[in-house]
Amino acid sequence: MDAEAYLAEAASRVDRFLDEALPRADEPPARLHAAMRHLLLPGGKRLRSALAFAAAEAAGAPPERALPAAAAVELIHTYSLVHDDLPCMDDDSERRGRPTVHVAFGEATAVLAGDALQAAAFAVLAGAGDGGAALAALRELAVAAGSHQLVGGQHDDLDFASADPDAVEDVHRRKTAALIAASVAAGARLGGAPPDLLARLRRFGEAVGLAFQIADDLLDDGAPEPCSMVALLGRAGARARAEALLEQALAELEDLGERAEPLRELARFAVRRER
Ligand code: GRG
């Protein structure tokens with residue numbers, strides 16, 4: 001199955017789950033619940049949830065086993081986008097072809113909707129029912145979303161200025177790659193991956209996450225962001241770095257055979273995508 005088909009299937013699976021897990025839009029406080037759903041459904045590419053499903057498959061489990069992890073990572077990702085779009089951050093008025101949450105519902109409601117989406121992520125994963133694995137996945141996701149990783153990376157990116165590619169990669173590792181690696185790891189954990197496979201899949205996720213961020217910068221064909229790999233290495237240099245990271249990621253999957261094919265396809269998509 002190619003990446004686009006896998007992503008489409010992941011999207012329909014996780015969207016159904018999220019639609020049932022979240023309060024209805026008319027349930028009080030209705031304005032808050034409508035705001036939570038505004039950016040979540042329909043979502044974006046659903047790459048993080050697809051990676052969680054594919055990681056469960058690489059561990060030899062059916063993809064459905066990873067559903068609570070897949071939903072949780074999309075909830076965290078969506079909250080981060082809602083807050084990233086706020087006037088005090090990136091100040092964007094459009095996201096996924098729709099008005100951003102603060103444009104549609106006001107700034108205070110958008111802040112609260114983001115907060116509640118994050119809380120919902122942990123509630124969904126805690127409800128996975130698979131005691132040990134779910135709890136470990138929840139902890140790993142909380143760390144990836146926390147002050148050293150997603151939030152810390154976003155914080156340090158606020159007034160970031162550096163011409164050092166290693167420093168730029170460090171911010172990208174925390175702001176973008178940590179959640180992607182946690183998505184893979186959470187899916188792998190719910191799929192029952194043993195420790196050595198889990199470690200390999202997590203390293204796969206980190207490399208894919210970094211390459212995904214470079215691909216994101218390459219998709220922007222205007223003037224590059226000042227502290228991006230495209231600005232520092234040029235388009236060809238950044239492309240080469242992304243391809244090297246892809247190779248590094250794929251090497252972690254060597255010997256896993258057919259069951260890791262969805263992960264391989266998604267990794268190639270993340271790096272070579274046109275959307
Ligand atoms: C506010 C805590 C907090 C964090 C914000 C996600 C983020 C951190 C900033 C978004 C800025 C950005 C464009 C980062 C590049 C990588 C990225 C996360 C792109 C968006 O992810 P996609 O392409 O989006 O997977 P879709 O809409 O497809 O889900």
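Only heavy atoms go into these numbers, but all of them, side chains included; no hydrogens, no water, no symmetry mates. Atoms within each ligand, like the ligands themselves, are counted from 1 in listed order. Given the structure is predicted, the values throughout are model-derived calculations rather than measurements.
The protein non-hydrogen atom at the shortest distance from atom 16 (C) of ligand 1 is Q213 OE1, 3.5 Å. Among all non-hydrogen protein atoms, the one lying nearest atom 17 (C) of ligand 1 is F212 CE2, 4.0 Å. The closest protein non-hydrogen atom to atom 3 (C) of ligand 1 is Q154 CG, 3.8 Å. Shortest contact from atom 6 (C) of ligand 1 to any protein heavy atom: S80 OG, 3.3 Å. Of the protein's heavy atoms, D216 OD2, 3.8 Å lies nearest to atom 13 (C) of ligand 1. With respect to atom 24 (O) of ligand 1, the closest heavy atom belonging to the protein is H77 NE2, 3.5 Å.
Taking every non-hydrogen atom of G44 and a distance limit under 4.0 Å, the qualifying atoms of ligand 1 come out as 26 (P), 27 (O), 28 (O), 29 (O). Heavy-atom proximity to H83, at under 4.0 Å, picks out these atoms of ligand 1: 1 (C). Counting atoms of ligand 1 from 1 in the listed order, those under 4.0 Å from a heavy atom of Y79 are 2 (C).
When the options R96, Q118, M89 are ranked by their closest heavy atom to atom 27 (O) of ligand 1, first place goes to R96.
Ligand 1 does not have L47 within reach: every non-hydrogen atom of the residue lies 4.0 Å or more from it. Using a non-hydrogen distance threshold of 4.0 Å, R48 registers as a contact of ligand 1.
Between L233 and R241 the shortest heavy-atom distance is CD1-CB, 4.2 Å.
Under the 4.0 angstrom criterion, atom 11 (C) of ligand 1 counts as having a protein heavy-atom contact.
At least one cation-pi condition fails for R139 and F122: the charged atom is not both under 6.0 angstrom from the six-membered ring centre and inside a 45 degree cone around its axis.
With hydrophobic clusters built from ILVMFWY side chains whose heavy atoms lie under 4.5 angstrom apart, L47 does not share a cluster with L218.
Within a 6.0 Å radius of CD in E243, other residues, nucleotides and ligands contribute more than 12 heavy atoms.
In this structure, the salt bridge (Lys or Arg N to Asp or Glu O under 4.0 Å) partners of E64, at least two apart in sequence or on a different chain, are R13. Annotation: side-chain contact (heavy atoms from CB on, under 4.5 Å) contacts of P28 (sequence neighbours excluded): none.
Inspection of the Y6 and E57 side chains reveals an N or O donor paired with an N or O acceptor under 3.5 Å.
The side-chain heavy atoms of R268 and R264, taken from C-beta on, include a pair separated by under 4.5 Å. By the 4.5 Å heavy-atom criterion applied to side chains, V271 and F212 are not counted as neighbours.
Residue K45 has at least one N or O atom closer than 3.5 Å to an N or O atom of ligand 1.
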